Visitor: 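Could you have a look at this structure, given as structure tokens, before my questions?
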Amino acid sequence: MSSAGQRADEDPFLVRWGLIATSLALAVVIFLLPLAAVFTEALRRGAAPALAAILEEDARAAMGLTLLVAAIAVPVNTVGGLAAAWAIAKFDFAGKRLLITLIELPFSVSPVISGLVYVLLFGAQGYLGPWLRAHDIQIIFALPGLVLATIFVTFPFVARTLVPLMQEQGRGEEEAAATLGAGGWQIFRRVTLPNVKWALISGVLLCNARAMGEFGAVSVVSGHIRGQTNTLPLHVEILYNEYMFVGAFAVASLLALLGLVTLAAKALLEALAGRRVRATA
Amino acid sequence: MTVEIEDVVRRFGATAALEGVSLTLRAGEFVALLGPSGSGKTTLLRILAGLDFPDSGRVLIAGADMAQVPARRRGVGVVFQNYALFRHMTVFENVAFGLRVRPRRFRPGNADILRRVRELLDLVQIPELAQRYPDQVSGGQRQRVALARALAIEPQLLLLDEPFGALDALVRKDVRRWLRGLHDRLGITSLLITHDQEEAMELADRVAILERGRVVQFDTPSAVMTRPATPFVAGFLGDATRLEGQVAAGVLHVARLPRAPLRVALADGPATAFLRPRDVVVTPAGRDAGNGVIRHASAAPDAQMRCVVEVNGVQLDALATNGAGWMVRGAACQVTIRGALVFGAAGPGVMAEAEAAPAE
């Protein structure tokens with residue numbers, strides 16, 4: 001019996017290490033090598049040209065625009081995602097399934113299509129084009145279009161992170177709070193929000209990373225006007241197409257760094273959240 | 001504080017959770033709402049707490065109609081089945097919650113909150129747990145936190161939804177007595193929801209028995225035990241064995257039961273008989289003698305022992321004098337039926353008595 005037990009243990013051991021090795025190899029080839037290549041290419045001719053490409057006027061404008069778009073889109077999606085998740089997890093209403101499906105739409109539809117839809121709606125030849133022109137409102141090829149496209153593409157991140165957690169937590173604590181005399185806003189602020197705090201922060205960081213890195217939808221509505229409607233990812237593409245490889249990879253490095261900082265922040269917060277639980281145990 | 005529930009109906013889609021429930025709780029009374037799962041107990045509790053509203057009927061608490069009063073304005077203390085403690089708050093903050101969310105005018109100062117939470121934690125005997133989180137305390141301690149939290153709002157009505165479910169049997173008995181003592185000391189009205197008859201009988205002044213959304217009997221524990229109003233109550237309480245039979249000329253006949261003409265004051269017709277363990281007398285019998293066999297004997301070392309006997313293929317719960325320890329599985333025995341609770345086509349149960357000298 002005991003030898004059979006050992007044999008039964010050996011196979012999973014091999015399988016386990018085989019799977020771990022395969023995953024690590026894939027991670028290195030698919031994630032680490034390209035990332036390393038970006039930084040290597042950026043610094044191929046030394047730090048000075050890379051720095052110059054980053055500090056150049058159009059690059060700085062793209063950087064500013066990217067941060068501005070994220071600064072608008074992320075708070076909008078935080079509030080919207082929180083509201084949607086709250087509605088889905090805590091209430092029953094007609095059209096709930098439809099709402100869940102709609103939230104996932106940006107994940108399943110190509111960003112290019114969502115960009116095109118906005119052009120179709122708000123562009124000069126679009127449905128609302130004449131009206132917008134008559135009122136001197138520019139959406140496509142301007143900041144509002146970039147913000148709209150980014151909001152659309154990054155909407156699921158906050159909602160999708162929160163819905164499963166809030167559904168799992170149920171309504172029990174909210175109901176208990178109500179019987180103790182708390183009003184709707186008090187319940188949200190004192191019970192619901194603290195319970196999803198870490199998931200919310202994690203969702204917001206992911207949303208932010210995607211908002212800064214979004215290319216497809218933004219590319220369609222941007223118009224690629226240098227210094228005006230060019231975000232960082234679009235700027236990378238322009239530089240690359242103009243054979244300015246050092247510049248392209250330098251700006252790409254900057255973009256990659258923004259993403260890495262976001263990931264590091266997320267990991268740090270998760271570690272902190274874990275430590276609070278352990279420290280009080 | 002009195003509670004009047006008048007003809008409350010609540011439906012979820014096509015299924016009715018409550019079908020016209022009426023119940024009146026006197027001030028200071030401890031009432032148990034007893035019923036199997038799915039009988040509508042929790043729905044009624046949620047309606048009293050203001051977490052759900054009846055489709056028709058009225059709820060009056062202290063004489064005031066609650067139809068337009070949301071949960072947060074009722075001041076009803078609730079201990080939820082899974083306790084629903086705030087997981088991100090310490091035990092102290094859980095208990096303080098009801099004080100902290102009061103409108104500014106009525107909110108006590110920090111020193112006052114500190115004092116009152118300490119008092120409550122002392123009351124439920126867990127003062128040392130104030131700084132722990134709910135996931136760091138045991139099930140029994142969580143229940144005390146939930147109770148202290150509910151009591152913090154100084155409720156005149158306390159609702160308890162299966163509060164002992166998560167406790168192990170040993171702790172349960174102690175906690176029950178302690179809770180009843182607390183109820184008496186605070187002078188509040190309490191409604192306990194449970195499917196455990198022992199719990200209801202031990203704790204409550206009166207027991208309401210719920211069957212599929214209806215109150216079928218509401219009386220003192222001894223009354224529901226000795227005079228069950230319907231076959232359902234008789235079957236739900238105690239370990240009575242249910243047998244179908246006939247009444248003819250004032251005598252109960254149950255097929256396959258040992259010869260035992262039971263006199264019963266019922267009209268002729270089909271009847272349902274309930275045999276409680278104490279109605280079934282078991283005595284030792286020699287090999288190949290007797291009319292029954294011991295199928296199961298409990299290991300309790302009491303003089304009065306619970307056992308299951310089989311007679312003519314019918315298994316009966318019985319209470320027997322163990323005496324010389326003859327009661328083992330498979331032992332032959334003589335089974336005599338002393339009485340039964342019999343329900344006719346309608347009306348309450350009637351006791352059937354064995355004739356003084358059963359004719360052989």
Side-chain angles (χ1 to χ4, degrees), chain A residues 82 85-87 89-97 161-204 269-281, chain B residues 12-13 42 45-46 48-52 69-91 93-104 106-107 129 131-137 145-155 157-159 161:
Chain A
L82 199 52
W86 199 43
K90 310 284 178 180
F91 300 99
D92 292 314
F93 53 91
K96 185 161 153 173
R97 294 224 62 83
T161 323
L162 292 182
V163 167
L165 180 68
M166 287 171 104
Q167 274 178 333
E168 183 217 312
Q169 290 180 346
R171 307 173 197 180
E173 290 182 40
E174 277 82 0
E175 288 183 342
T179 64
L180 292 166
W185 172 244
Q186 281 177 317
I187 292 174
F188 179 75
R189 194 172 61 82
R190 288 176 177 268
V191 179
T192 311
L193 199 54
N195 272 349
V196 298
K197 183 170 58 182
W198 299 109
L200 179 65
I201 292 172
S202 157
V204 166
L269 282 166
E270 275 163 6
L272 281 177
R275 204 172 60 182
R276 182 197 71 75
V277 174
R278 272 195 302 278
T280 48
Chain B
F12 298 107
T42 296
L45 175 131
R46 291 176 61 82
L48 287 176
L51 297 171
D52 199 353
V69 184
R72 68 190 171 101
R73 296 204 196 286
R74 291 199 184 185
V76 171
V78 185
V79 175
F80 291 89
Q81 188 166 10
N82 52 7
Y83 309 137
L85 297 178
F86 305 127
R87 70 193 84 196
H88 67 279
M89 292 183 205
T90 59
V91 165
E93 285 304 321
N94 263 281
V95 177
F97 187 88
L99 303 172
R100 292 205 195 279
V101 296
R102 281 190 186 171
R104 204 174 295 276
F106 306 111
R107 196 182 306 158
L129 300 180
Q131 295 313 315
R132 302 272 196 94
Y133 283 87
D135 59 1
Q136 297 164 353
V137 302
V145 178
L147 191 58
R149 183 179 70 174
L151 293 175
I153 59 169
E154 290 167 10
L157 173 63
L158 183 63
L159 307 174
D161 191 359

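Computed from heavy atoms alone, side chains included, the values below leave out hydrogens, waters and symmetry copies. Labels below follow one simple rule: chain letters A, B, ... track the order of the sequence lines, proteins then strands, and each chain is numbered from 1. Keep in mind the model is a prediction, meaning the values are calculated, not measured.
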Visitor: For a quick test of reading the model, state the closest non-hydrogen atom pair linking B:Arg72 to A:Gly183 and the distance between them.
Guide: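 Result for this residue pair: CD-CA, 3.5 Å.
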Visitor: Go through the atoms of A:Arg171 and report whether side chain, backbone, both or neither lie under 4.5 Å from a heavy atom of chain B.
Guide: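 Neither part; nothing is under 4.5 Å.
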Visitor: By a 4.5 Å heavy-atom criterion (distance strictly below it), what part of A:Gln169 contacts chain B: side chain, backbone, both, or neither?
Guide: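 Looking at A:Gln169, backbone and side chain both touch chain B.
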Visitor: Which residue is it: B:Met89, B:His88, B:Arg87? I am looking for the one with a side chain to side chain contact (heavy atoms under 4.5 Å, CB included) to A:Pro194.
Guide: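 Result for side chain to side chain contact (heavy atoms under 4.5 Å, CB included) with A:Pro194: B:His88.
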Visitor: What part of B:Ala152 gets closer than 4.5 Å to chain A, counting heavy atoms only: side chain, backbone, both or neither?
Guide: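 Interface part for B:Ala152: neither.
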Visitor: A:Arg190 versus B:Arg100: any side-chain heavy-atom pair under 4.5 Å?
Guide: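 Yes, their side chains come closer than 4.5 Å.
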Visitor: How about CZ on B:Arg73, more than 12 heavy atoms from neighbouring residues, nucleotides or ligands closer than 6.0 Å, or not?
Guide: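 Result for CZ/B:Arg73: open.
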Visitor: Where on B:Phe80 is there a heavy atom nearer than 4.5 Å to chain A: the side chain, the backbone, both, or neither?
Guide: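 When you check distances to chain A, only side chain atoms of B:Phe80 fall under 4.5 Å.
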Visitor: Check each atom of B:Leu85 against the heavy atoms of chain A and say whether the ones under 4.5 Å are side chain, backbone, both or neither.
Guide: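 The answer is the backbone of B:Leu85.
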Visitor: Quick check on B:Arg46 against chain A: is it the side chain, the backbone, both or neither that has a heavy atom closer than 4.5 Å?
Guide: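 Looking at B:Arg46, just its side chain touches chain A.
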Visitor: Write down the atom of B:Ala84, the atom of A:Ala176, and the distance for their closest heavy-atom approach.
Guide: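 Residues B:Ala84 and A:Ala176, closest heavy atoms: O-CB, 3.9 Å.
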Visitor: Please give me the minimum heavy-atom distance between A:Thr179 and B:Ala49, naming the atom from each residue.
Guide: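 Here A:Thr179 and B:Ala49 meet closest at CG2-CB, 4.4 Å.
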Visitor: Given heavy-atom pairs under 4.5 angstrom as the criterion, report whether the side chain, backbone, both or neither of A:Glu173 touches chain B.
Guide: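 For A:Glu173, backbone and side chain are both near chain B.
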Visitor: My understanding is that only residues two or more places apart in sequence, or in another chain, count here; which of them pass ring-ring contact (aromatic ring centres under 6.0 Å, His included) with B:Tyr83?
Guide: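 If we apply the ring-ring contact (aromatic ring centres under 6.0 Å, His included) test to B:Tyr83, skipping adjacent residues, there are no hits.
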